[in-house]
Amino acid sequence: MNLPNALIQSLQNVKGFDEDAFREVHQSGTQIVSIRFNPAKVDNRITNNEQLQQVPWNMNGYYLPQRPSFTLDPLFHAGAYYVQEASSMFLEEALKQTVDLTKPLKVLDLCAAPGGKSTLIQSVISKKSLLVSNEVIKSRVNILAENIIKWGAANVIVTNNDPSDFKRLQNYFDVIVVDAPCSGSGLFRKDPDAISEWSENNVQLCAQRQQRILADIMPALKDGGVLIYSTCSYSQQEDEAIADWLIETFKVESLQLKVDSVWGIVETISNKEKAYGYRFYPDKVKGEGFFIAAFKKQSSGININNEGESNALASLKPKAKNKKDAVTANEIEVLKSYLISVDDFFFIKQNEEVIAIPIHFEDDLAIIKSALYIKKAGVKLGSIIRSELIPAHDLAVSNIINNNLPTLNVDKETALQYLRKVEIVIETNLKGWVLLTHQQSTGCCTLPIGWIKVMANRSNNYYPKEWRILNK
Ligand code: SAM
C-alpha cells in the first residue's frame with residue numbers, strides 16, 4: 001500500500017504518530033469487522049453469550065472474527081445491528097461524557113448518510129428526545145432513510161438540507177454532531193482506492209468546507225449546547241486546526257474527555273487554543289483512523305456577523321392543519337390493534353398513508369417542517385382502505401408495532417427468498433396480513449422481517465421492491 005508521502009511528512013510531529021507502526025498496519029492487510037447491536041431489538045445479555053469481543057468504548061459494539069455476508073443474514077435486514085467501524089463508535093462515550101442523556105433533547109446529526117452515527121445517537125438518547133438526521137446530498141438520503149427505518153425508532157426525522165438552511169432554526173438544538181466530509185485518510189486500510197484521491201490540495205479544500213459547514217450550523221446550537229465534531233482524516237488542518245478555528249470564531253469551549261489508557265486513543269492539544277482532540281490510529285486501536293472533539297457553546301451566541309438569518313425561530317409558526325391530512329377517529333380505531341399504544345402518538349396522513357409521530361413532538365414537527373425539507377418522520381403505518389390497514393414495511397420493522405399480531409417464523413432460506421421478493425411457499429392456517437419473523441440459529445432473537453398477505457392458495461410478498469436483495 002503506497003501511502004502518500006506528503007501525508008506521512010505532515011504527520012511527523014503529530015502526537016501519537018509512529019511512522020513504522022503506521023506503515024506496517026497499512027501493509028498488513030488486516031481487516032477489522034465490527035457491528036453495533038440495536039439495543040431496542042437485541043437483548044445485550046444474549047449478545048454477550050456469544051462471546052464476541054466487545055468494542056471497549058461502546059456498550060453495543062462488537063468485533064466479529066471475520067466478515068460474514070451481511071446481505072445473506074435476514075437479521076441484518078431486520079435492523080438487529082448496524083455494520084460500523086469501531087473507532088467511530090466512540091461517539092457514544094463522547095455523548096455520555098458531555099451531555100445529560102436522560103433529558104429530553106433535540107439532537108442534530110448534520111452529515112448523517114448512510115446513518116452510522118444517527119443509529120448510534122438514537123440508541124443512547126431517551127425516547128422523549130428527538131433526533132434530526134440530515135443529509136445534504138439527495139442521492140444519499142434514501143440509504144439514510146432506509147437505515148433509519150430498519151433501526152425502527154419513531155423519534156427520528158430525516159431531512160435533506162444544506163447546512164445553511166439550519167440558520168432558520170436558531171438556538172434550537174441541544175446537541176449537534178458534525179461528522180464532516182473529509183479527505184478520508186483514516187479509511188485507507190479499508191479502502192485503498194481512496195489513496196489515489198488524496199492530495200494536500202484536497203485536504204485544504206476539505207478544511208475550508210468544514211469551516212463553512214460549522215459556520216452555517218453554529219447558530220442552530222443552543223447556548224450551553226454541545227457540538228461534537230469528527231472526521232476520518234489524520235490531517236491536522238481538518239482536525240486540531242478546525243478546533244482552534246472554532247474557538248477563535250465562536251464562543252465555544254473545548255471539552256476534555258476521559259479515555260482509558262488501555263484503549264490506545266491519543267489525546268491531543270491544539271497549538272493555538274489548547275483544545276482537546278482524540279485521535280485513533282489503527283496501529284494503536286482496533287479500528288480505523290478517526291478524530292473527535294467536543295465543545296460547549298457559551299452563552300450569548302456567536303462572535304461573527306451572520307447576515308441572512310432573519311428567519312428567527314419565533315417566526316416559524318406551525319401551519320394550520322390541513323383537513324386532508326387529518327386522521328379520523330374510525331381510522332385510529334383501525335390502527336389500535338397494530339400498535340403497542342395509539343395514545344403515545346399523533347397521526348398525520350401523507351399521500352393517503354398514515355404516519356405515527358410521538359405525541360410530544362407535535363410542535364417540533366411543525367417547526368422543522370416550516371424550516372426544512374422532511375424526507376421522513378416517525379413511522380409510516382400504511383394506508384387505510386375500507387377500514388382495513390394495508391400495513392407499511394416501516395411498521396413491520398418498527399419498535400412501535402404490537403407484539404400480538406399474527407406472526408410466522410421462517411427458516412433462513414425462506415427468509416432470504418422473502419427478502420429477494422420472490423413468492424414463498426408456506427404452510428399456515430393463518431389468513432390475511434401476517435408478519436414474517438426469523439430467528440437466528442444461535443437463538444439471538446426473533447425479529448420481524450416484513451409482511452405477507454396469506455390468501456386461499458398462495459401468499460403475497462410485500463417486501464419493498466427497491467430493497468430486495470439481488471444476491472443469490
Ligand atoms: N455520519 C455518517 C455515518 O456515520 O454514517 C457518515 C458521514 S460522511 C463522513 C460525511 C457526509 O457529509 C456524507 O454523507 C456527505 O454526503 C455529506 N456532505 C458532503 N458535503 C457536505 C456539505 N457541504 N455539507 C454537509 N454535508 C456534506
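Every number for a ligand or one of its atoms is a count from 1 in the order of the listing.
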[X]/[Y] aromatic ring centres below 6.0 Å:
X   : Y   : answer
F37 : Y62 : yes
F22 : F17 : yes
Y81 : F76 : yes

For the atom pair OH (Y63) and CD (Q54), what is the distance rounded to the nearest 0.5 Å?
->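 Between atom OH of Y63 and atom CD of Q54 there are 10.0 Å.
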Atoms of ligand 1 less than 4.0 Å from [X] heavy atoms?
X    : value
D179 : 1 (N), 2 (C), 3 (C), 4 (O), 6 (C), 7 (C), 9 (C), 10 (C)
P114 : 5 (O)
I213 : 22 (C), 23 (N), 24 (N), 25 (C)
A180 : 9 (C)
A112 : 1 (N), 2 (C), 3 (C), 5 (O)
I137 : 16 (O), 19 (C)
P163 : 24 (N), 25 (C)

Could you tell me whether E135 and ligand 1 have an N or O pair separated by under 3.5 Å?
->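 Yes, there is a polar N/O contact under 3.5 Å.
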Looking only at distances, please establish whether an N/O atom of ligand 1 is found under 3.5 Å from an N/O atom of Q84.
->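 Such a contact does not occur with ligand 1.
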How about [X] and [Y]: does a side-chain donor come under 3.5 Å of a side-chain acceptor?
X    : Y    : result
Q122 : N155 : yes
E92  : W57  : no
Q350 : K380 : no

Is D174 salt-bridged to K106, cutoff N-O under 4.0 Å?
->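 Salt bridge flag = no for K106 with D174.
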Answer yes when E85 and K190 have at least one side-chain N-carboxylate O distance shorter than 4.0 Å, and no when they do not.
->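 Here E85 does not pair with K190 in a salt bridge, since their nearest N and O are not under 4.0 Å apart.
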For S88 and ligand 1, answer yes if some heavy atom of the residue is under 4.0 Å from a ligand atom, otherwise no.
->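 It does not, in that no heavy atom of S88 comes within the 4.0 Å cut-off of ligand 1.
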Might you work through the side chain to side chain contact (heavy atoms under 4.5 Å, CB included) test for I469 and L416, ending with a clear yes or no?
-> CA-CA 8 Å; I469 60 174; L416 289 173; 3.9 Å; yes
Classify the contact between R209 and ligand 1 as side chain, backbone, both or neither, using a heavy-atom distance cut-off of under 4.0 Å.
->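 Contact part for R209 vs ligand 1: side chain (C-beta onward).
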For [atom], what's the nearest protein heavy atom and its distance?
atom                    : value
atom 27 (C) of ligand 1 : V136 CG1, 3.4 Å
atom 13 (C) of ligand 1 : R140 NH2, 3.4 Å
atom 5 (O) of ligand 1  : G116 N, 2.8 Å
atom 20 (N) of ligand 1 : P181 CG, 3.7 Å
atom 2 (C) of ligand 1  : A113 O, 3.3 Å
atom 11 (C) of ligand 1 : C111 CB, 3.7 Å

Just by modelled atom types, is the P181 backbone N or O under 3.5 Å from a matching donor or acceptor in the Q210 side chain?
->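 Yes, Q210 side chain to P181 backbone: donor-acceptor pair under 3.5 Å.
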